Amino acid sequence: MARPTRLTRAFYDRPTLEVCRDCLGKYLVYISPKGRLAARIVEVEGYIGENDPACHAASGPSKRNRHLYDKPGTAYLYLIYGSYYCLNFVTEKESFPAAVLLRAAEPVEGVEIMRRRTETVLPGSKLLSGPGRCCRSFGLTLEQNGYDMALEDSILYLEDRHDPKPEVEVSPRIGITKAADRLWRFYDRDSNAVSGPASFRRSGSARADR
DNA sequence: TATAGGATTGCC
DNA sequence: GCAATCCTATAG
């Protein structure tokens, strides 16, 4: 079996929707102060450029979104609703503001560390179900904002463990009001760690397809 | 300086 | 179903 390989800058330096699809089934690894954490990514969304009304760069550069304009492979984090952080992987060429939002993953290594960071009682499989939970369980904050994930010795990076490609489903992005028609959310059909109510998922939905 | 609102979560 | 919570962007 081939050993895991770190994803290099070339992985992020591509059209964002391609990166989105390819992120599914890859692993987020963080050599944290409390120990090594790893998780299999099962849900992401794309936010692409100043013409995407839902992208933080829709009104041009600002203090908050500045790292969206950094080189591909940069981590972009921000605070949402005064309570939670969200992690993005910056994509495409430098100065073009686009990123992949991490929405859900399956805990693989360091599950007890993740659990200790979480106040509410959650099933282990749901510790990373939601963008806020991903950052909380991993202990990621604005401290990691602007971090370069594509260096040889990065302590926060994506890894390919050469798993089989997951079955990918597509849907509108969650929680936004603008550009809600774009199908820029991607998730692993077979994972029970995908965020949101079951009605967001095609399979397992009690409602008939519209 | 004032204010509206958000790529969420968890409790009611 | 909705409040919590606080930073950011925008308006005055």
Side-chain angles (χ1 to χ4, degrees), chain A residues 12 16-17 19-21 23-24 28 39 41-70 72 74-92 96-107 114-147 149 158 169-188 192-201 206-207:
Chain A
Y12 306 95
T16 303
L17 299 184
V19 182
C20 281
R21 283 183 175 275
C23 278
L24 300 178
L28 176 68
I41 297 172
V42 299
E43 179 185 353
V44 297
E45 287 175 357
Y47 289 86
I48 310 175
E50 297 179 348
N51 292 326
D52 172 6
C55 181
H56 283 174
S59 304
S62 69
K63 185 177 177 187
R64 175 174 72 154
N65 70 23
R66 65 193 187 281
H67 291 299
L68 275 176
Y69 293 81
D70 284 356
T74 300
Y76 166 52
L77 291 98
Y78 61 91
L79 178 66
I80 188 68
Y81 296 114
S83 305
Y84 305 98
Y85 296 100
C86 295
L87 169 64
N88 296 255
F89 317 129
V90 174
T91 56
E92 315 214 19
F96 183 85
V100 174
L101 167 70
L102 174 67
R103 286 200 55 93
E106 297 169 350
M114 298 181 202
R115 199 188 305 279
R116 283 198 290 274
R117 290 188 184 280
T118 305
E119 301 264 327
T120 49
V121 179
L122 289 171
S125 64
K126 292 289 183 186
L127 282 169
L128 303 172
S129 295
R133 288 178 181 176
C134 286
C135 285
R136 187 181 58 192
S137 294
F138 263 63
L140 299 172
T141 66
L142 288 188
E143 221 174 289
Q144 285 75 32
N145 193 21
Y147 185 79
M149 302 175 62
L158 294 186
E169 294 280 356
V170 174
S171 85
R173 294 173 289 184
I174 292 181
I176 58 169
T177 51
K178 302 167 212 162
D181 55 319
R182 302 185 191 189
L183 303 179
W184 288 358
R185 172 175 176 252
F186 302 82
Y187 61 95
D188 178 348
N192 62 3
V194 171
S195 76
S199 56
F200 276 107
R201 311 183 58 182
R207 302 172 48 186

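Keep in mind that what you see is a predicted model, and the values were worked out from it rather than measured. The sequence lines fix the lettering, A, B, ..., with proteins before strands; numbering per chain opens at 1.
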Validate the cation-pi geometry between A:Arg21 and A:Phe186: distance from NZ or CZ to the six-membered ring centre under 6.0 Å, angle to the ring axis within 45°. no
With A:Tyr76, which of A:His67, A:His56, A:Arg66 fulfils side-chain hydrogen bond (donor to acceptor under 3.5 Å, both in side chains)? A:His56
Value in whole Å for how far the P atom of B:dT9 lies from CG of A:Leu127: 13 Å
Would you sort out whether A:Val100 and A:Thr16 count as a side chain to side chain contact (heavy atoms under 4.5 Å, CB included), showing the intermediate values? CA-CA 7 Å; A:Val100 174; A:Thr16 303; 4.0 Å; yes
At what distance, to the nearest 0.5 angstrom, does SG of A:Cys23 lie from CZ of A:Phe89? 5.5 Å
For A:Arg117 and B:dT9, what is the distance between atoms CZ and C1' respectively, to the nearest whole Å? 18 Å
With the side chain defined as heavy atoms from C-beta on, A:Ser59 is closest, among B:dA7, C:dT10, C:dC7, to C:dT10
Per-pair stack call A:Tyr81 and B:dG6, 5.5 Å, 30°: no
Residue-phosphate contact under 4.0 Å: A:Ser83 side-chain N/O, C:dC6 OP1/OP2: no
Charged N to carboxylate O under 4.0 angstrom, A:Arg173 versus A:Asp181? no
Is any side-chain nitrogen or oxygen of A:Arg136 closer than 4.0 Å to OP1 or OP2 of B:dT8? no
What's the closest nucleotide to the A:Arg133 side chain, out of B:dA7, B:dT9, C:dT8? B:dT9
Return the value, rounded to whole Å, for the distance between atom CD of A:Glu119 and atom C1' of B:dT8. 16 Å
Would you check if A:Ile41 and A:Leu158 make a side-chain contact, meaning some heavy-atom pair closer than 4.5 Å? yes
Report the distance from atom CG of A:Asn65 to atom C1' of C:dT10, rounded to the nearest whole Å. 14 Å
Residue whose nearest DNA chain B nucleotide is more 5′ - A:Gly130 or A:Lys178: A:Lys178
Integer-rounded Å distance: B:dG5 C1' and A:His56 NE2: 11 Å
Check whether any side-chain heavy atom of A:Asn88 sits under 4.5 Å from a side-chain heavy atom of A:Thr74, and report yes or no. no
When rounded to whole Å, the CD1 to C1' distance for the pair A:Ile80 and C:dA3 reads 15 Å
Nearest whole angstrom, please: distance from the P of C:dC7 to the CG of A:Leu77. 16 Å
A:Leu68 atom CG is separated from C:dT8 atom P, nearest whole Å, by 14 Å
Taking it one step at a time, do A:Leu128 and A:Leu102 satisfy side chain to side chain contact (heavy atoms under 4.5 Å, CB included)? CA-CA 10 Å; A:Leu128 303 172; A:Leu102 174 67; over 6 Å; no
Using OP1 and OP2 only, check whether a side-chain N or O of A:Arg103 sits under 4.0 Å from B:dT8. yes
May I ask you to say what A:Arg173 touches in the nucleic acid, namely base, sugar-phosphate or nothing, with a heavy-atom cut-off under 4.0 Å? nothing
Side-chain N or O of A:Ser62 versus OP1/OP2 of C:dT8: is the shortest distance under 4.0 Å? no
Stacking check: are the rings of A:Tyr84 and B:dT8 less than 5.5 Å apart at their centres and under 30 degrees in tilt? no
With rounding to whole Å, what would you report as the distance between B:dA2 and C:dT5 at their P atoms? 22 Å
Using the closest heavy atom to pick a nucleotide of DNA chain B for each, name whichever of A:Pro131 or A:Thr177 lands nearer the 5' end. A:Thr177
Watson-Crick or G-U stems involving DNA chain C, each at least 3 pairs long, distances under 3.5 Å, ordered by first number: B:1-6 with C:6-11, B:8-11 with C:1-4
What nucleic acid atoms does A:Ile176 come within less than 4.0 Å of, heavy atoms only: base, sugar-phosphate, or nothing? sugar-phosphate
